[in-house]
J.: 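Here it is, the structure, as structure tokens.
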Amino acid sequence: MKAPQIPTVGMRTIKTAVAVMLSYLVFVPFGLLYREEYGGVLGQIGPMYACIACIVCMQSSLGQTMQQGISRFIGVAVGGIQGVLVLTLGHWLDYPALKALALGAVCVVGIWFCLLIKRPAACGMACILPCVILLNGTSGVERYYYAAARIIETVVGVGIAFTVNALLPDHRREGQAEGKTPDEEDET
């Protein structure tokens, strides 16, 4: 009987941890930690979605190319535009069935558009960002501040992930077999 293999921590995991730490620390010197007393966008901004964007990007990007980074930014732009446009539905979003339809629609449109422009790596951000914007529960002008803050945070997170991915070494060989987890790829 073969002993179970103990998982290893590879470079992809280390990169993810570094990117998340930096995504938090970049907001601290400016006091941008969801402080409502600042008002407007500044009162809504902090590191949470920057950290989430880092995790998504670092665990799903397979290359250290400019193309991957550009795709992530395109996904943020597509998702941000969709999220803000859907907010214009206003009070219609108060109905759960209509909000559910809107959530489905932004996912379909985001994926379709990213595939249309041949940027499949953008699909995740194109779907995640409008969903976050739609599910926040704020209303009135505050929801636009919230949307702007999420877009800014996500751009920061994607930028940090792209930078960390480019600067830290990657021990994977080109053309490794698919189906392995990112850390399994790191250790082969």
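All values derive from a computational prediction rather than experimental measurement.
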J.: Could you check whether Gln44 and Glu142, counting side-chain N and O atoms only, form a donor-acceptor pair closer than 3.5 Å?
T.: yes
J.: Taking the side chain as every heavy atom from C-beta outward, state whether Ile52 and Met48 have any atom pair closer than 4.5 Å.
T.: yes
J.: Could you go step by step and tell me if Phe27 and Glu153 meet the side chain to side chain contact (heavy atoms under 4.5 Å, CB included) rule?
T.: CA-CA 9 Å; Phe27 290 90; Glu153 288 172 22; 4.1 Å; yes
J.: Any side-chain donor-acceptor pair under 3.5 Å between Arg12 and Asn165?
T.: yes
J.: In Å, rounded to the nearest 0.5 Å, how long is the span from SG of Cys123 to CD1 of Ile74?
T.: 11.0 Å
J.: Taking all non-hydrogen atoms of both residues, which atom of Leu129 and which atom of Gly80 are closest, and how far apart?
T.: CD2-N, 3.5 Å
J.: Applying a strict under-4.5 Å side-chain criterion to I, L, V, M, F, W and Y, I'd like to know whether Ile152 and Leu42 cluster together.
T.: yes
J.: Under 4.5 Å between side-chain heavy atoms, counting indirect links through other Ile/Leu/Val/Met/Phe/Trp/Tyr residues: same cluster for Ile45 and Tyr38 or not?
T.: yes
J.: Quick one: does Ile160's side chain get under 4.5 Å of Tyr24's, heavy atoms only?
T.: no
J.: Quick one: does Pro47's side chain get under 4.5 Å of Leu33's, heavy atoms only?
T.: yes
J.: Working to the nearest 0.5 angstrom, can you tell me the gap between Ile133 CD1 and Thr154 OG1?
T.: 7.5 Å
J.: Take atom OH of Tyr144 as the centre, draw a 6.0 Å sphere, and report whether it contains more than 12 heavy atoms from other residues, nucleotides or ligands.
T.: yes
J.: Are Ile128 and Val109 joined in one hydrophobic group, where the rule is that I, L, V, M, F, W and Y side chains link up if heavy atoms are under 4.5 Å apart?
T.: no
J.: Please tell me if the side chains of Cys131 and Cys107 come closer than 4.5 Å, counting only heavy atoms from C-beta onward.
T.: yes
J.: Give a yes or no on whether Ile111 and Val86 share a hydrophobic cluster (residues Ile, Leu, Val, Met, Phe, Trp, Tyr; joining criterion: side-chain heavy atoms under 4.5 Å apart).
T.: no
J.: In this structure, would Ile117 and Leu115 fall into the same cluster of hydrophobic residues linked by side-chain contacts under 4.5 Å?
T.: no
J.: Only one of Val20, Val164, Val156 clears side-chain contact (heavy atoms from CB on, under 4.5 Å) with Cys54; which?
T.: Val20
J.: Of the non-hydrogen atoms in Val26 and Ser23, which two are nearest, and what is the gap between them?
T.: CG1-O, 3.5 Å
J.: Establish, for the pair Arg150 and Tyr146, whether the NZ or CZ atom is under 6.0 angstrom from the six-membered ring centre and no further than 45 degrees off its axis.
T.: yes
J.: Tell me, yes or no, whether the heavy-atom count around Tyr34 atom OH, taken from other residues, nucleotides or ligands under 6.0 Å, exceeds 12.
T.: yes
J.: For the atom pair OG1 (Thr163) and NZ (Lys15), what is the distance rounded to the nearest 0.5 Å?
T.: 11.5 Å
J.: How far does CG of Leu134 sit from CD of Gln82, to the nearest 0.5 angstrom?
T.: 9.0 Å
J.: What pair of heavy atoms forms the shortest contact from Ala147 to Leu87, and how long is it?
T.: CB-CD1, 4.0 Å
J.: Where do Met11 and Leu168 come nearest, in terms of heavy atoms and distance?
T.: CE-CB, 3.8 Å
J.: Test your reading of the model: is there a side-chain donor-acceptor pair from Arg72 to the backbone of Ala121, 3.5 Å cut-off?
T.: yes
J.: Working to the nearest 0.5 angstrom, can you tell me the gap between Leu98 CG and Trp92 CH2?
T.: 7.0 Å
J.: How many angstroms lie between OG in Ser71 and CZ in Arg119, if you round to the nearest 0.5 Å?
T.: 4.0 Å
